[in-house]
**Student:** 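Here it is, the structure in full.
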Amino acid sequence: MVPRYEPRRVEAKWQKLWEEQGLFDASEDRNRPKYYVLEMFPYPSGRIHMGHVRNYTIGDVVARYKRMQGFNVLHPMGWDAFGMPAENAALAHGLPPAKWTYDNIDYMRGQLQALGYSYDWPRELATCDPAYYRWEQLVFIEMFKRGLAYRRKAPVNWCPKCQTVLANEQVEDGGCWRCDSPVFLKELDQWFFKITAYAEELLSDLDQLTHWPERVLTMQRNWIGKSLGAEILFPLAEGVEPIKVFTTRQDTLWGATFMSLAPEHPLALELAQGTPQEPEVRAFVEYWSAQNRSRGVLEEISKEGVFTGRYCVNPVTGWQMPIYVANFVLMEYGTGAVMAVPAHDQRDFDFAQKYNLPIKVVIQPPGQELQAETLSGAYEDEGFLVESGAFSGQASAPAREAIALFLEEKGLGRRAVQFRLRDWLISRQRYWGAPIPIIYCEKCGLVPVPEKDLPVVLPLEVQITGIGGSPLAQLASFRETTCPACGGPGRREADTMDTFVDSSWYFLRFACPDYQGGVLDPGRVNYWLPVDQYIGGIEHAVLHLLYARFFTKVLRDLGLARLDEPFARLLTQGMVLKDSAKMAKSKGNVVDPDDLIQKYGTDTTRLFLLFAAPPEKDLEWSDQGVAGCHRFLHRLWNLVQDLLPDLQRLKPYQGAGTELSPELTEFRRKVHRTIKKVTDDIEDSFHFNTAIAAVMELVNAFYLAVESLPRDEVTQRVFREALEAILLLVSPMVPHIAEELWQALGHTASLQLAPWPRPQAEALEESAITLVVQVNGKVRSRLVVAASATEEELKDWALKDKGVEKWLQGQTVKRVVVARGRLVNIVT
RNA sequence: GCCUGGGUGGCGGAAUAGGUAGACGCAAGGGACUUAAAAUCCCUCGGGGUUUAUCCCCGUGCCGGUUCGAGUCCGGCCCCAGGCACCA
């Protein structure tokens, strides 16, 4: 009785056995090369979705493949468990966030196990566990002591009705997402991490990340946004503090005709004081300071400004420059003041036209002569300086350098670097997060919680109301404490940390999740890190990956780890689409992994996700495609079952001894070519789709061979060799069916620990090849020739071939090009 | 506007290094088996043409170039996706 392929039975059986044997639990081993493969851990939202399945399947194939290649593989999984959805669920269903979260984790862990991922489960961690966040709190304190964590006022979104701060994502069309009342920007004290202190290194170390996708690198470069330029001082008429400006175009300094200040600039009101323009300036500043000038809004706003009634001096031309307050100048970038060069900056040009300000051309494009009077827009490109004193005639680039030096010598300014990157605001007025371990004392100020008192445990017995801010702020038992410094009364910080902090170092803790002696166990962390292969969605290209890189560098500088960059290789996998749209409940195009496992099993699900597209591309879901993959597994199963009675007791052919027939040699060559192809596809690019296609081809060829070849013992042994190769090759992708069939062949040791197959050089050798014969680049004939043929022979045979005869009639052969092993091209 | 990808059959996608375009799979059409269906297996499957064959022409977003030979390299353009954007 031949057993039928019953995926659910097979999969449950092996999942249990692998788990019992602890096959995937890693420990340090200096005798083997280590390999740390990690997928971005999930938020426990309730259920695993298809995007997770794709992500984790890719990671699992890598983990299993590397294990078979002899690497000591670390492949852990955990939970990014703090965050707002837990609070929302608490509001909606009255469940405590902790219970909701842990219930979800339990359910989703079961799903991951049913998908058969080879995780090192004993290392599992959840960021909401005090055993995890106590170390995060310790890192915070160390950062606080070094000035890398600090507190200052910052504008935040505030809903006056709910009395709470809103995340940017919770502001919809300028209103509160829950009560729809207008949201205000409010200045509140917030905690920051000084990521700007690492801006230069975060930028330059991107050059080391040669195995990251180019687009992620450019996105990070853009985000950090380094600009080289100069700071220039523009004296005010009365000998007070000059106005400081940052520019990248000091080569246009001689064309600066007026000055623009941001509405928030402290000088804006100060300068206007006592001038006839004062009321107007005051109104303008008040209006624009209250406006939300964040993205989207700005595009529709036209450039506006008001004259302050005062002038500053262009330090090189001596011109009196009227000082304006302008709505397009950002206080957050540079110095909040801009030298306006209308001839060479479009914004300044628009502004100058509107308010009738002078335009002066100081850069001429090569071979042209621009006139200020006839200019229809700013000339922003480089060129040659004119009317720029001693620098006239120079090209823009060298002039910038020379002018910067000149300014430094004269004390008028200095070379300067600006970054777009801002410090990371990490405090959240939220409940479900890691408490910030700080105590406020009237006498001592901000006092960090002593290390022996950590963790500051998040109280679980709280009422989530959604109004009045974080419940922690109202909880006297949490807030009221004593000052660790003076013993007087103190109040705990009620803010919690951004969940991005939790995910900025979990990959380090996975090396030593049970370590009690500190944040990280140096021996284990330095053994396992860096992550050799990190896999996740492109949506984390900037935030998570930048924060994680920053944290790694901070931990390095705290002496806790010896590495500069956390992720050696990065794979950003594409989205799973259905009907050309991302799967989402709201669109009703979701396919639930549970249903699929129920119907086809996890091996089919995994196979489809790997086969339908290369991992970095978006994947269009296809129910029929899934069925096709299921068919293939059936074909494989039936092939083994058919052959089993004959070759169960045979040894695989190993390439020596008996001479093989040409047909059998050809078949065996196909086997070894497939081994090579699959290995190369996985090794070079993780292109599992083409690897699977190659195995499908081999299985097709196998069916033909079974039909056509005589079933003598040598053939059976070659078949056995082929079957074993196929099972080894597919085992990382469809591990359960592969293991089941492996054992059916009589193996007692697990396939999981079997070595990856290698192609045999002799088996790959070809005695004959198909030679393509072209005439003037068009294929006219094909010849089967000996692979060992010389160029002269190939040329000869091609010219004599009947198929090309008629194309050469009446033509003179001018040239014959021979590409050995491929083709001959006859040129007439 | 700037940056990064990408445009190949009805669809997902293949094509080492410039050397047979369309592997593999899906869908579609035809056939075998069957009382029937499912399942399975076999054949056809870019477009056009004719003398129907080891046939010819066209064809990888568009235009041009390099080359014996271009999906692949170079120049110019069009379109799509994603990211950044009054960043001085």
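Below, chain A is the first sequence line, B the second, and so on; all start at residue 1.
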**Student:** Counting only side-chain heavy atoms from C-beta out, which of B:rC87, B:rC3, B:rC41 sits nearest to A:R420?
**Tutor:**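 Output: B:rC87.
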**Student:** Looking at B:rU40, B:rC56, B:rG83, which one has an atom nearest to any side-chain atom of A:W807?
**Tutor:**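 Output: B:rC56.
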**Student:** Establish, from distance only, whether the side-chain atoms of A:E616 and A:H687 form a donor-acceptor pair under 3.5 Å.
**Tutor:**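 A pair is found: one side chain offers a donor N or O, the other an acceptor, under 3.5 Å apart.
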**Student:** Pick the P atom in B:rG64 and in B:rC58, then give their distance to the nearest Å.
**Tutor:**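 These two P atoms come out 15 Å apart once rounded.
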**Student:** Can you check the A:K778 NZ to B:rC55 C1' distance for me, whole Å?
**Tutor:**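 Rounded to whole Å, this separation is 14 Å.
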**Student:** Tell me yes or no: between the side chains of A:R635 and A:N700, is some donor less than 3.5 Å from an acceptor?
**Tutor:**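 Yes, side-chain donor-acceptor contact under 3.5 Å.
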**Student:** Figure out the CG/P separation between A:N776 and B:rC57, and round it to whole Å.
**Tutor:**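 In whole Å, B:rC57 P and A:N776 CG are 11 Å from each other.
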**Student:** Grab the CG-P distance between A:D345 and B:rG1 for me, whole Å please.
**Tutor:**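 Between P of B:rG1 and CG of A:D345: 17 Å.
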**Student:** Taking any strand in view, what nucleotide pairs with B:rG1 in a Watson-Crick or G-U wobble way, both distances under 3.5 Å?
**Tutor:**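 Because both required distances fall under 3.5 Å, B:rG1 counts as paired with B:rC84.
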**Student:** With both distances under 3.5 angstrom, what nucleotide forms a Watson-Crick or G-U wobble pair with B:rC26?
**Tutor:**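 Partner of B:rC26: B:rG10.
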**Student:** Between atom CD in A:Q220 and atom P in B:rG82, what is the gap in whole Å?
**Tutor:**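 Result: 20 Å.
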**Student:** If you assign each of A:Y333 and A:I538 to its closest nucleotide in RNA chain B, which residue comes earlier from the 5' end?
**Tutor:**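 The residue whose closest nucleotide sits nearer the 5' end is A:I538.
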**Student:** Check the angle between the aromatic planes of A:Y355 and A:Y324 and answer parallel, tilted or perpendicular using the 30° and 60° thresholds.
**Tutor:**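 Plane angle between 30° and 60°, so tilted.
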**Student:** Where each residue is assigned the nucleotide of RNA chain B containing its nearest heavy atom, which of A:G334 and A:E214 is assigned the position nearer the 5′ end?
**Tutor:**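 Counting from the 5' end, the first nearest nucleotide belongs to A:E214.
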**Student:** What's the gap between B:rG29 and B:rU35 when it is taken at their C1' atoms, as a whole Å value?
**Tutor:**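 Between the two C1' atoms, the distance is 25 Å.
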**Student:** For the C1' atoms, the ones on B:rC80 and on B:rG75, what distance do you get once it is rounded to whole angstrom?
**Tutor:**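 Roughly 22 Å separates the two C1' atoms.
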**Student:** Parallel, tilted or perpendicular: which describes the rings of A:Y547 and A:W424, with under 30° parallel and over 60° perpendicular?
**Tutor:**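 Rings of A:Y547 and A:W424: parallel, under 30°.
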**Student:** Quantified in whole Å, what is the P atom distance between nucleotide B:rG71 and nucleotide B:rU60?
**Tutor:**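 Their P atoms lie roughly 7 Å apart.
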**Student:** A:L596 versus A:V53: any side-chain heavy-atom pair under 4.5 Å?
**Tutor:**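 Side-chain contact under 4.5 Å: no.
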**Student:** Any idea how A:F284 and A:W288 line up, ring-wise: parallel (<30°), tilted (30 to 60°), or perpendicular (>60°)?
**Tutor:**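 Ring orientation, 0 to 90° scale: tilted.
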**Student:** With rounding to the closest Å, how many angstrom separate the C1' atoms on B:rG76 and B:rC26?
**Tutor:**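 Those two atoms are separated by 38 Å.
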**Student:** Any side-chain N or O of A:R215 less than 4.0 Å from the OP1 or OP2 oxygen of B:rG5?
**Tutor:**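 Answer no for this pair, as no side-chain N or O of A:R215 is under 4.0 Å from OP1 or OP2.
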**Student:** Take atom P in B:rA17 and the same atom in B:rG30, then report the distance between them in whole Å.
**Tutor:**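 B:rA17 and B:rG30 have their P atoms separated by 43 Å.
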**Student:** Could you please name the partner base of B:rG69, counting Watson-Crick and G-U wobble pairs only when both distances are under 3.5 Å?
**Tutor:**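 Check on B:rG69: unpaired, no WC or wobble geometry under 3.5 Å.
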**Student:** For A:R780 and B:rC56, is the shortest distance between a side-chain N/O and OP1 or OP2 below 4.0 Å?
**Tutor:**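 Looking at the OP1 and OP2 atoms of B:rC56, one of them is under 4.0 Å from a side-chain N or O of A:R780.
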**Student:** Could you write nucleotides 12-20 of chain B as a row of B, S and -, 5' to 3', where a protein heavy atom under 4.0 Å of any base atom gives B, of only sugar-phosphate atoms gives S, and otherwise -?
**Tutor:** BSS-B--BB
**Student:** Would you mind reading off the distance between A:L206 atom CG and B:rC3 atom P, rounded to a whole angstrom?
**Tutor:**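 Interatomic distance, CG of A:L206 to P of B:rC3: 18 Å.
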**Student:** Within the modelled atom types, does a donor on one side and an acceptor on the other bring the side chain of A:K814 and the base of B:rC68 under 3.5 Å apart?
**Tutor:**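 Answer is no: no donor-acceptor pair is held.
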**Student:** Given atom CD of A:E616 and atom C1' of B:rA81, what is their separation to the nearest angstrom?
**Tutor:**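 Result: 15 Å.
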**Student:** May I have the distance from A:E707 (atom CD) to B:rA32 (atom C1'), rounded to whole angstrom?
**Tutor:**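 For the pair A:E707 CD and B:rA32 C1', the rounded distance is 14 Å.
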**Student:** Say we look at B:rG9 and B:rC24: how far apart would their C1' atoms be, to the nearest angstrom?
**Tutor:**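 15 Å, rounded to whole Å.
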**Student:** Within a reach of under 6.0 Å around CZ of A:R420, are more than 12 heavy atoms found that belong to other residues, nucleotides or ligands?
**Tutor:**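 For A:R420, atom CZ is crowded (more than 12 foreign heavy atoms under 6.0 Å).
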**Student:** Indicate, with a heavy-atom threshold strictly under 4.0 Å, whether A:G225 touches base, sugar-phosphate, or nothing.
**Tutor:**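 Nothing, no heavy atom under 4.0 Å.
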**Student:** Measuring only the C1' atom in each nucleotide, how far is B:rA28 from B:rC45? A whole number of Å is fine.
**Tutor:**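 So the two C1' atoms sit 8 Å from each other.
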**Student:** What nucleotide among B:rC24, B:rA88, B:rC84 has an atom nearest to a side-chain atom of A:W223?
**Tutor:**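 The nucleotide sitting nearest to the side chain is B:rC84.
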**Student:** With sugar-phosphate meaning primed atoms plus P, OP1 and OP2, does A:R635 contact a base, only sugar-phosphate, or nothing at under 4.0 Å between heavy atoms?
**Tutor:**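 Answer is sugar-phosphate: A:R635 comes under 4.0 Å of backbone atoms only.
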**Student:** Using Watson-Crick or G-U wobble geometry with both distances under 3.5 Å, which nucleotide pairs with B:rG75?
**Tutor:**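 Result: B:rC63.
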**Student:** How would you label the contact of A:N700 with the nucleic acid (heavy atoms, under 4.0 Å): base, sugar-phosphate, or nothing?
**Tutor:**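 The residue A:N700 makes sugar-phosphate contact but no base contact.
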**Student:** What is the separation between atom CG on A:D623 and atom C1' on B:rG25, rounded to the nearest whole Å?
**Tutor:**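 Rounded to the whole Å, the gap is 15 Å.
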**Student:** Does atom NZ (A:K599) have a neighbourhood of more than 12 heavy atoms from anything else shown, all under 6.0 Å?
**Tutor:**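 No, because the 6.0 Å sphere around NZ of A:K599 holds 12 heavy atoms or fewer from other groups.
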**Student:** Hey, is CZ on A:R221 packed in by over 12 heavy atoms from elsewhere, all under 6.0 Å?
**Tutor:**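 Above 12, so yes.
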**Student:** With distance as the sole test, does A:E304 use its side chain to make a donor-acceptor pair with the main-chain N or O of A:A326 at under 3.5 Å?
**Tutor:**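 Judged by distance alone, no pair lies under 3.5 Å.
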**Student:** OP1 or OP2 of B:rC87 versus the side-chain N and O atoms of A:T248: is any pair under 4.0 Å?
**Tutor:**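 Negative; the distance criterion is not met.
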**Student:** Syn or anti: how is B:rG49 classified when any glycosidic angle within 90° of 0 counts as syn?
**Tutor:**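 Classified anti.
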**Student:** Over all strands shown, is A:S781 touching base, sugar-phosphate only, or nothing at heavy-atom distances under 4.0 angstrom?
**Tutor:**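 Result for A:S781 = nothing.
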